[in-house]
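The structure appears right after this line, and notes come after that.
For reference, positions follow the sequence shown, starting with 1.
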Amino acid sequence: MRILLVEDECGLAEALKAIFTKENYCIDVMMDGVSGLDYALSGIYDIVILDIMLPKKNGIEVLKELRKAKVQTPVLMLTAKAELEDKIKGLDNGADDYLTKPFQTGELLARVRAMTRRKGEIVEQDLSFGDLTLRRQSREIFCTASIKLGLKEFVLLETLMLNPKQILTKEQLIEKVWGFDDASEYNNVEVYISFVRKKINFLGSKVQIKVNRGIGYFLEMRESE
């Protein structure tokens, strides 16, 4: 799952990035409202965590423009103020939840999980395709035995498993796994597809990551011999 954090306090932004990365989330961080809005308008994020007090464009303005553009990504508002007026403004303009600074890490993670469940995706639930299971909490794949995935390998396979009937383009995978602000080489998708394939084959699974040349990648079960 990919999160967009729009927060101008450098220390808090770096701390939250580390926390979410440890919890197996992919996270992009923007430091002002204009950049945050540009990224949020892409629609690739599962959740936006949006501070109210931001340079260039405040969080309420960002939220208004998002909803005006029909982007329905769940938004969690952050505010340093406990004033009721700020909370009402956020909720009235389309925020899904709010959290007042300072907050406990556990509460923030719980709010994110709750918002994700309301969206219809249960983050903690394991994913399966054929004889292969992706254990999301431990970041492992299992088929008679288990093997650990790197974070990008995990997000890549998770994205494919969440869209089992779709062919995902290289561009879609780049956006989901690496985000927009990563300077990765374009062939990184092929490299990481190869890494994941080797781990799946090592476990003896019949699951294959197939490529439709010129279109994209998809999962398929190998026929029994």
Side-chain angles (χ1 to χ4, degrees), residues 1-7 10 12-31 39-40 42-49 73-74 76 105-106 108-113 115-117 119 121-129 132-143 145-164 166 168-203 205 207-209 211 216-219:
M1 187 172 75
R2 181 167 288 278
I3 294 174
L4 174 63
L5 171 65
V6 190
E7 170 59 64
C10 293
L12 177 59
E14 287 300 315
L16 292 179
K17 182 175 182 178
I19 289 166
F20 281 113
T21 300
K22 184 179 179 181
E23 294 292 322
N24 295 331
Y25 295 95
C26 286
I27 181 166
D28 295 324
V29 179
M30 295 293 107
M31 307 297 289
Y39 274 59
S42 69
I44 70 167
Y45 296 97
D46 300 286
I47 289 179
V48 175
I49 301 175
T73 305
L76 173 65
T105 300
L108 174 62
L109 293 172
R111 297 287 184 98
V112 168
R113 289 193 296 268
M115 290 170 66
T116 306
R117 285 195 295 270
K119 188 185 175 187
E121 175 187 341
I122 301 176
V123 176
E124 297 88 348
Q125 184 177 348
D126 292 342
L127 294 172
S128 294
F129 183 88
L132 192 68
T133 297
L134 179 65
R135 294 171 172 169
R136 293 168 113 174
Q137 287 285 53
S138 59
R139 208 197 300 159
E140 295 175 322
I141 48 174
F142 175 82
C143 176
S146 63
I147 190 169
K148 188 88 169 180
L149 296 177
L151 180 57
K152 286 183 171 57
E153 295 172 340
F154 167 80
V155 178
L156 180 62
L157 184 56
E158 180 189 46
T159 302
L160 289 167
M161 281 189 163
L162 286 170
N163 301 276
Q166 296 182 38
L168 298 179
T169 67
K170 184 176 289 189
E171 290 76 14
Q172 287 174 313
L173 292 173
I174 287 172
E175 289 177 1
K176 204 68 177 175
V177 180
W178 284 272
F180 292 113
D181 61 347
D182 194 280
S184 302
E185 294 291 334
Y186 192 70
N187 65 0
N188 265 3
V189 172
E190 295 172 0
V191 172
Y192 277 85
I193 288 285
S194 176
F195 291 162
V196 176
R197 278 176 175 153
K198 288 177 181 177
K199 290 186 177 181
I200 291 174
N201 290 338
F202 176 79
L203 295 177
S205 170
V207 172
Q208 295 178 299
I209 301 177
V211 59
Y217 299 88
F218 61 99
L219 295 179

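Here the CD1 atom belonging to Ile174 is positioned 6.0 Å from the CD atom belonging to Glu171, to the nearest 0.5 angstrom. Atoms CD and CD1, on Glu153 and Ile193 in that order, are 10.5 Å from each other to the nearest 0.5 Å. Between Met161 atom CE and Leu156 atom CG the span is 11.0 Å, to the nearest 0.5 Å. Note that the CG atom of Leu4 and the CD1 atom of Ile44 stand 8.5 Å from one another [nearest 0.5 Å]. Here Glu14 contributes atom CD and Leu5 contributes atom CG; the two are 9.5 Å apart, rounded to the nearest 0.5 Å. If you take OG1 on Thr133 and CD on Glu140, they are separated by 11.5 Å, rounding to the nearest 0.5 Å.
Phe154 approaches Arg136 most closely through the heavy-atom pair CE1-CA, 3.8 Å. Across every non-hydrogen atom of Cys26 and Val155, the tightest pair is SG-CG2, 3.2 Å. Considering every non-hydrogen atom in both Gly150 and Lys199, the closest pair reads N-NZ, 4.1 Å. Shortest non-hydrogen contact noted between Ala13 and Val29 is CB-CG1, 3.8 Å. Shortest non-hydrogen contact noted between Leu151 and Thr21 is CD2-CG2, 3.8 Å. Minimum heavy-atom separation, Val48 to Ala40: CG2-CB, 4.3 Å.
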Pair Tyr217-Val189, side-chain contact (heavy atoms from CB on, under 4.5 Å): steps then yes or no
CA-CA 10 Å; Tyr217 299 88; Val189 172; 3.9 Å; yes

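No side-chain heavy atom of Phe129 sits less than 4.5 Å from a side-chain heavy atom of Leu160. A heavy-atom distance below 4.5 Å is not found between the side chains of Val177 and Asn188. Residues Leu16 and Ile49 have side chains not in contact (no heavy-atom distance under 4.5 Å, counting atoms from C-beta outward). Contact check for Leu157 versus Leu127: no side-chain heavy atoms found under the 4.5 Å cut-off. The shortest distance between side-chain heavy atoms of Ile3 and Asp46 does not fall below 4.5 Å. Proximity of Leu132 to Cys143: side-chain heavy atoms (C-beta onward) are separated by under 4.5 Å at one or more points.
In terms of modelled atom types and a separation under 3.5 Å, the side chain of Ser42 and the main chain of Tyr39 share a donor-acceptor contact. Between the side chain of Arg135 and the main chain of Phe142, no donor-acceptor pair closer than 3.5 Å is present. Looking only at distances, no side-chain donor or acceptor of Arg139 sits under 3.5 Å from a matching main-chain atom of Lys148.
For the residue pair Asp28 / Tyr45, a side-chain donor-acceptor distance below 3.5 Å is found, with atom types taken as modelled.
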